[in-house]
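Before any comments, here is the structure.
Reminder, nothing fancy here: chain letters follow the sequence lines and each chain counts from 1.
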Amino acid sequence: MHLLEVKNLTVSFDTSVGVFNAVKGIDIHVDAREVLAIVGESGSGKSVAMLAVMGLLPPTATVSADKMTFDGKDLLAMSAADRRKIIGKDVAMIFQEPMTSLNPCFTVGFQIEEVLRFHLGMDKAKRRARAVELLDQVGIPNPAERLKSYPHQMSGGQNQRVMIAMAIACNPKLLIADEPTTALDVTIQKQILDLLVRLQAEHGMGLIMITHNIGVVAETADRVVVQYKGRKMEEAGVLELFTAPKSSYTRALLAALPDNATGDRLPTITGTNFEEAV
Amino acid sequence: MATVLEAKNLVRDYHIGGTLFGGGRTVHAVKGVSFKLEQGKTLAIVGESGSGKSTLARILTLIDRQTDGELLIDGETIDIKKTGVTAAMRRKVQIVFQNPYGSLNPRQKIGNVLMEPLLLNTDMPAAERRERALDMLVKVGLQPEHFNRYPHMFSGGQRQRIAIARAIILKPSLLVLDEPVSALDLSVQAQILNLLADLQDEFGLTYVFISHDLSVVKYIADEVMVMYLGEAVEQGTRDKLFSNPEHPYTRSLFAATPRADVESIKARLAKKAALASA
């Protein structure tokens with residue numbers, strides 16, 4: 001049994017100019033202790049697919065799937081209230097912009113403790129102790145002091161660490177990271193990626209890494225799903241994807257990397273009709 | 001080849017806070033940077049946020065004045081503290097910013113975006129301005145019919161093409177590109193990098209290319225300067241810097257850059273397997 005299994009997921013949005021299909025029938029699964037990377041450019045539906053799993057899409061979105069199970073539980077049949085008990089506890093998510101995902105009006109300590117209070121019902125002293133422990137785990141120096149800081153008093157990298165601390169607060173079974181390092185410098189990106197992979201290994205979590213950065217995929221993933229315009233173009237082990245990409249889209253994507261430049265100009269991705277290789 | 005740009009010991013300090021009676025502090029954003037750049041070449045400036053690379057860009061493009069040091073463009077000393085910025089200076093230096101969504105006025109038609117620099121900095125007649133703008137649209141890979149459209153009708157990559165067209169319509173000797181592809185998808189990034197290379201060949205443009213993405217730098221640069229905390233810690237030709245980085249900061253930057261080659265992936269997977277079985 002997979003930790004998360006989604007079959008034939010479609011997501012569409014009602015807009016003023018008609019229905020827009022963001023995700024067009026995608027199968028995704030991830031196991032415990034596995035790092036799955038979902039790669040795609042903007043508009044490929046990679047974030048929307050995961051937001052649908054989390055149940056975080058706005059009311060204008062219509063989500064349908066043949067199957068959506070997490071840890072053996074059917075997410076589709078579940079009431080919204082039951083789902084809330086899983087989301088944030090057993091499945092947690094980290095977003096791209098740490099500065100905007102944290103509430104500027106509250107200290108980071110308050111925001112971490114809120115998770116512990118809501119999901120685990122810990123008392124005040126326990127919450128405090130756990131929050132210090134979490135900040136320590138994500139590598140923030142002097143954690144007891146830092147709990148009193150507001151997001152604007154910390155750097156982008158530190159705020160992302162706080163987001164990660166909140167996400168792992170309840171020892172989730174699955175962590176979904178949506179472009180966790182896109183807003184950060186390369187040196188900080190390296191630290192955050194190392195941290196995520198270390199925590200994933202230590203806690204035996206499943207980790208879904210949503211990214212458009214091929215380098216991030218190469219550095220973290222076990223298995224990769226390539227998405228383009230709401231469809232899955234390819235699914236492969238990370239080594240297989242880089243050595244023998246099956247889909248023409250994946251090949252075009254890899255060729256467009258400046259690292260792989262051979263001639264005077266970079267090959268560009270032309271056309272929009274790529275065959276799927278699933 | 002003629003030297004287009006020369007910086008001699010450029011310094012920029014900012015005074016922050018304080019009251020009528022003193023206090024406050026001074027931030028040394030750029031601490032004495034010197035370099036020379038020949039016509040038709042590309043200098044890449046690399047560094048993380050806070051390294052002073054954008055402050056330097058502001059000085060080079062005459063948006064901001066240096067606190068100390070000398071700036072020569074086309075062999076002429078330029079000191080905007082004394083002379084202000086003249087139309088002749090503006091024609092020499094132009095800039096393209098990172099975010100094409102923020103750098104275009106949403107209420108200005110593309111044609112006017114392109115004609116405005118000509119209107120302000122030259123005494124070209126209206127018909128000729130229009131003709132030049134239409135020419136430029138085609139040069140950067142857009143269509144003449146885009147002339148009367150608004151920025152929101154374009155994709156991110158197309159908007160960056162417009163920003164580039166606006167910058168080169170004055171036929172500047174120096175073009176400063178401040179993270180021009182950081183906000184773009186991989187496939188669009190490849191297109192814009194190719195466009196920049198084409199334009200450089202055609203007009204003999206000189207580029208100062210600011211970036212934190214080393215794979216892009218390696219692809220586009222002739223010379224590289226690494227900045228850290230306001231200082232140029234290392235500078236040299238691309239080949240020298242990439243084959244033999246000397247400064248510890250440059251090395252840490254290389255170490256932090258995600259590697260997408262098959263050997264690194266194999267090494268990472270082997271390490272992971274060894275850890276799992278241990």
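- In this structure, no portion of B/Asp213 lies under 4.5 Å from any heavy atom of chain A.
- Not one N or O on the side chain of B/Glu48 forms a donor-acceptor pair closer than 3.5 Å with the backbone of A/Val186.
- Of all heavy-atom pairs spanning A/Ala218 and B/Ala260, the tightest one is CB-CA, 3.6 Å.
- Residue-environment remark: NZ (B/Lys218) stays at or below the threshold of 12 foreign heavy atoms within 6.0 Å.
- Between the side chain of B/Tyr219 and the backbone N or O of A/Leu257, no donor-acceptor pair lies under 3.5 Å.
- Of the two parts of A/Val217, only the backbone, made up of N, CA, C and O, holds a non-hydrogen atom closer than 4.5 Å to a non-hydrogen atom of chain B.
- A/Arg265 pairs with exactly one of B/Leu193, B/Leu195, B/Asn194 by the side chain to side chain contact (heavy atoms under 4.5 Å, CB included) rule, that one being B/Asn194.
- At least one side-chain heavy atom of B/Arg268 sits under 4.5 Å from a side-chain heavy atom of A/Val238.
- Counting non-hydrogen atoms of neighbouring residues, nucleotides and ligands closer than 6.0 angstrom, the OH atom of B/Tyr228 reaches no more than 12 such neighbours.
- Side-chain atoms of A/Asp259 do not come within 3.5 Å of backbone N or O of B/Ser215 as any donor-acceptor pair.
- A/Pro258 is listed as a side-chain neighbour of B/Gln189, based on a closest heavy-atom distance under 4.5 Å.
- Between A/Asp222 and B/Lys272, some side-chain heavy-atom pair lies under the 4.5 Å cut-off.
- In this structure, the side chains of B/Pro258 and A/Gln189 come closer than 4.5 Å at one or more pairs of heavy atoms.
- Of the two parts of B/Ser264, neither the backbone nor the side chain holds a non-hydrogen atom closer than 4.5 Å to a non-hydrogen atom of chain A.
- In terms of heavy-atom pairs under 4.5 Å with chain B, the best-connected choice from A/Ser155, A/Ala256, A/Ser42, A/Ala255 is A/Ser42.
- In this structure, A/Arg223 places its CZ atom where more than 12 heavy-atom neighbours from other residues, nucleotides or ligands lie under 6.0 Å away.
- The part of A/Thr220 that comes within reach of chain B is its backbone (N, CA, C, O), which places non-hydrogen atoms under 4.5 angstrom from that chain.
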